[in-house]
Every structure is written in C-alpha cells, then in structure tokens.
Amino acid sequence: MAVKLLDLVEQNNELKPKFLKKFEEILDNGQFILGKEVEVFERHIAQYLSCTYALGVSSGTDALLLALMALNINPEDEVICPAYTFFASAGCISRLGAIPVFVDVDYDNFCISVTDVEKKVTNKTKAVIGVHLFGQACQCEGILDLCSKYNLFFIEDCAQALGAKRKEKMVGTFGSIGCFSFFPSKNLGGFGDSGLVCTNDEALYKKMRILRTHGMDPKYFHQKIGGNFRIDALQAALLNIKLLEMNKYIEKRRKNAEYYDFHLKNLDGIYIKLPKEDNGNYHTWNQYTIKVLGGQRDKLKQFLQAQEIGCEIYYPVPLDKQKCFFPQSGSAIVSKKLSSEALSIPIYPELKTEQLETVVNALYDFFK
Ligand SMILES: *Cc1c(COP(=O)(O)O)cnc(C)c1O
C-alpha cells in the first residue's frame, strides 16, 4: 500500500461545499485583497491564540521579515537563529543586511539550545529567533530569561507549530512577535502561500499593519518603507473555515504519533530514536521525525521510497553549512549530526490505520 508523506485531498474534500460557497461569495463581492474576510480571520485566529492582535500576511517568510522590520533590525545587527531549521528563519535576517548568528540545537527535541544562545550573545545582538520545530515548542522560558538579561527581542518562528502549547500557553505569545505560515504542508494548510504575525503589543501591531502595505498611512503617504505583505481575502476566508477544524487535526496527528510511539518502541534506542514530547509541551506533530542510527538513514529512505512510502529529510544541510551564508565561524555539531540522521515519516491527520501499519511494518522489515 502506497503511503504519501502528505495528502491534503481528503481533508479539503470534506470541506469542499463550504469552500465553494465562500469562493462564490467572494467572486460576487469582488473584494480580493484584505477587507472584511481578512479581518474576520484575524479576529478568529487571535482568539484561538489567546493573543490581542493578529495580522494576515503573504507568507511565513514575509511574517518573519515583517517582524524583523517592525523591531528595527538594521544592517550589522546580529540576530541569533538555530542552525537546524528551514532556510527562511535565517534568510530574512540577511535580507535586512543584518547578520544571522547560528546556534546549535538540542539533540533530543531538535530545538534551539538555550546554553548555546548565551554563548553567542555579543553587544551587537538585537534579537533571538526561536523556532518551534516540527510542531513542538522550544524552551521559551530559557530564551525569555536571556532576552531580558541582555535586552533582546524574542521572535517566535511558529511556522510548523500553530496550536502548540507550552505549559498551557500557545506558541506565538511568548515573545514580542509570533510568525506563522499557512503553506499547504503546515498544520493549517492553505491554498497557496500565506502567513500571519501575532503580538500583544499595540504599537508593534500598528507598525506591522502599516508596513504590510508599503508603509502607507494614510493612503499614498508613506511613513516607512514597507512592502507588499498582504494576504488575499480568498485565502483568509478559506483558512477561517479550516481553523474551526484545527484542534481535530492536531488531535489526529497526536493519535498517529502515539501509534508510532507504541508500535516502534522495539526499535527505539537500538536502530532508531523516536521523537519525544518535552515535559509541559503540547506537541502538534507537524512532522514525526525519527533519528536513524548507525549511518543507515539514506538507505532507509531509499528502502521506504522503493515501497512508495513517503519520507523526507528535514534538513539535509544545517544553515551554518549553506553556501549563501559563507563564511561562518564556529560549527553547530548537533545540527550536523541531525542532518545525517533525521527522517520524517507520514503523520498527516487522515492517515488510515492500515497505512500507519504499512509504515511500521516497512521499518521492521528494514531492520530485521
Ligand atoms: C515553512 C517555514 C517557514 C516559511 O514559511 P512560508 O510560508 O513557506 O514562507 C519559515 N520557518 C519555518 C520553520 C518553516 O517551516
């Protein structure tokens, strides 16, 4: 039985009549960018996050860029960022002329190492970007302590972790600004590109709202140099429909993770290492990423792919080893190790038990 790494068809089909009705409504009213649908979605998701302000934007990447712009990150400023994450977390820093300073991650939870952050703080450091990787919160308290000690901003990259909690508090609400993505592969998957920023700070919210439309306030009077970071009305309206299902999607992902935890435990610690939910965390399992021990990762990937079982390497090259960021001093050793061991297997909500079984059986076959 073929098992895709991600299949959105079933999830979206279930809501098709609602989507089509909404699409027709927007087609008829002709408001395609920002407007009422966007405001409704922003209110709804702010409520979901227990956050005062939310702003829909064009992508998760633009959410990060907008956050850095709003916090006045300038050329030559240093911004700390994990070496083990998606490129966008760091690319945005460089695009403002600032310097991404890469820190290592913790082997167990793939997230930014608080001790390594403190080692990399200099008098040029302005902010820390913490990434809630694969759907679980990083160590927010540790980072917040350092941020108050050294007077830094904490920006949360929540692209993979909408709905994730740490001690009952939603990710995105720990730092100055939370950044989200609705790229189709994220837990709230859209119909193209879009994203979101959230904050409890009214001044930051107002600034980001202006920067989202070329720094314009009022129309054609430009207070700042912003960009086109707007979200489409259609995108927001359809996401708003899916947002109602969000907790159900997460619960299904958590069930699938439990299935793997239980059925793969005989391989755990011998051939592979299973991912773990940190104490106090509510993991949303955007990815279920195992570590393959003994240098077998690439062979296992080929083996699974030959049986049409989807899997992917997130991420094969740590950011401090990317050509575009040369030259880099130091080296993120754990990130390098993870980039040779990590393999993500299917975890999406609509997986059938037989499909989970297929994945489990294939893993036992490989290691037998
Ligand atoms: C997906 C992702 C982004 C970027 O989001 P886009 O909407 O694709 O621009 C940023 N950071 C992380 C960790 C991501 O996974």
Side-chain angles (χ1 to χ4, degrees), residues 4-9 11-12 15-16 18-20 22-23 26-27 31-42 44-46 48-49 54-70 85-96 129 131-135 155-164 171-172 177-199 208-209 211-214 226-243 245-246 249 284 286-287 312 314-315 324 344 348:
K4 289 186 185 160
L5 181 63
L6 173 70
D7 188 352
L8 294 167
V9 173
Q11 179 172 106
N12 288 333
L15 298 166
K16 198 169 174 178
K18 287 186 184 164
F19 291 152
L20 291 177
K22 203 46 160 177
F23 188 17
I26 289 170
L27 206 58
Q31 171 75 50
F32 296 121
I33 290 167
L34 298 180
K36 183 189 128 248
E37 295 292 347
V38 170
E39 284 162 25
V40 168
F41 174 58
E42 289 171 346
H44 188 186
I45 198 162
Y48 178 81
L49 292 167
L55 267 181
V57 296
S58 32
S59 69
T61 304
D62 285 344
L64 287 161
L65 186 61
L66 181 58
L68 291 166
M69 288 169 77
T85 175
F86 179 60
F87 172 80
S89 317
C92 299
I93 304 167
S94 300
R95 284 169 65 188
L96 293 175
I129 297 182
V131 184
H132 307 302
L133 204 71
F134 299 149
I155 300 166
E156 296 178 67
D157 181 341
C158 319
Q160 301 182 6
L162 176 66
V171 301
I177 300 171
C179 304
F180 296 84
S181 165
F182 308 120
F183 184 80
S185 70
K186 314 294 180 175
N187 283 7
L188 182 60
F191 305 82
D193 280 309
S194 56
L196 187 100
V197 288
C198 74
T199 184
M208 288 193 287
R209 203 175 53 184
L211 287 171
R212 177 172 69 172
T213 309
H214 300 293
N228 172 1
F229 302 130
R230 296 178 300 244
I231 186 172
D232 295 342
L234 184 64
Q235 199 65 249
L238 300 185
L239 283 167
N240 197 39
I241 293 170
K242 283 188 102 170
L243 183 57
E245 314 288 324
M246 193 58 202
Y249 296 153
T284 59
N286 182 241
Q287 300 295 340
E312 190 56 86
Y314 303 115
Y315 296 91
C324 65
S344 300
Y348 67 90

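These numbers come from a predicted model, not from an experiment.
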Tell me if a side-chain donor or acceptor on [X] pairs with a main-chain N or O of [Y] at a distance below 3.5 Å.
{"X": "Thr284", "Y": "Gly135", "value": "yes"}
{"X": "Glu156", "Y": "Cys179", "value": "no"}
{"X": "Gln31", "Y": "Ile33", "value": "yes"}
{"X": "Asp7", "Y": "Val9", "value": "yes"}
{"X": "Asn286", "Y": "Ser185", "value": "yes"}

Looking at Phe32, I'd like to know if its CZ atom is crowded, meaning that more than 12 non-hydrogen atoms belonging to other residues, nucleotides or ligands lie closer than 6.0 Å. yes
Looking at every heavy atom in both [X] and [Y], which two are closest together, and how far apart are they?
{"X": "Ala161", "Y": "Val171", "value": "O-CG2, 3.2 Å"}
{"X": "Leu64", "Y": "Ile129", "value": "CD2-CG2, 4.5 Å"}
{"X": "Gly192", "Y": "Pro184", "value": "O-CD, 3.5 Å"}
{"X": "Ser89", "Y": "Val131", "value": "OG-CG2, 3.8 Å"}
{"X": "Gly190", "Y": "Leu239", "value": "CA-CD2, 3.7 Å"}
{"X": "Lys18", "Y": "Ile241", "value": "O-CD1, 3.7 Å"}

Ring centres of Phe86 and Phe183 under 6.0 Å apart? no
May I ask you to check whether Tyr249 and Tyr348 place their ring centers less than 6.0 Å from one another? no
Worked verdict on Arg212 versus Glu42 for salt bridge (Lys or Arg N to Asp or Glu O under 4.0 Å): CA-CA 14 Å; Arg212 177 172 69 172; Glu42 289 171 346; 3.0 Å; yes
Do the side-chain N and O atoms of Lys22 and Asn240 include a donor-acceptor pair separated by under 3.5 angstrom? no
Looking at Tyr48, Phe180, Phe182, which hits side chain to side chain contact (heavy atoms under 4.5 Å, CB included) with Leu188? Phe182
Give the intermediate values and the outcome of side chain to side chain contact (heavy atoms under 4.5 Å, CB included) for residues Gln160 and Asn187. CA-CA 7 Å; Gln160 301 182 6; Asn187 283 7; over 6 Å; no
Do His214 and Phe229 touch side chain to side chain, with heavy atoms closer than 4.5 Å? no
Is the shortest side-chain heavy-atom distance between Leu196 and Leu49 below 4.5 Å? yes
Quick one, Phe87 with Cys324, criterion side chain to side chain contact (heavy atoms under 4.5 Å, CB included). Give me CA distance, side-chain angles, the key distance, then yes/no. CA-CA 10 Å; Phe87 172 80; Cys324 65; 3.7 Å; yes
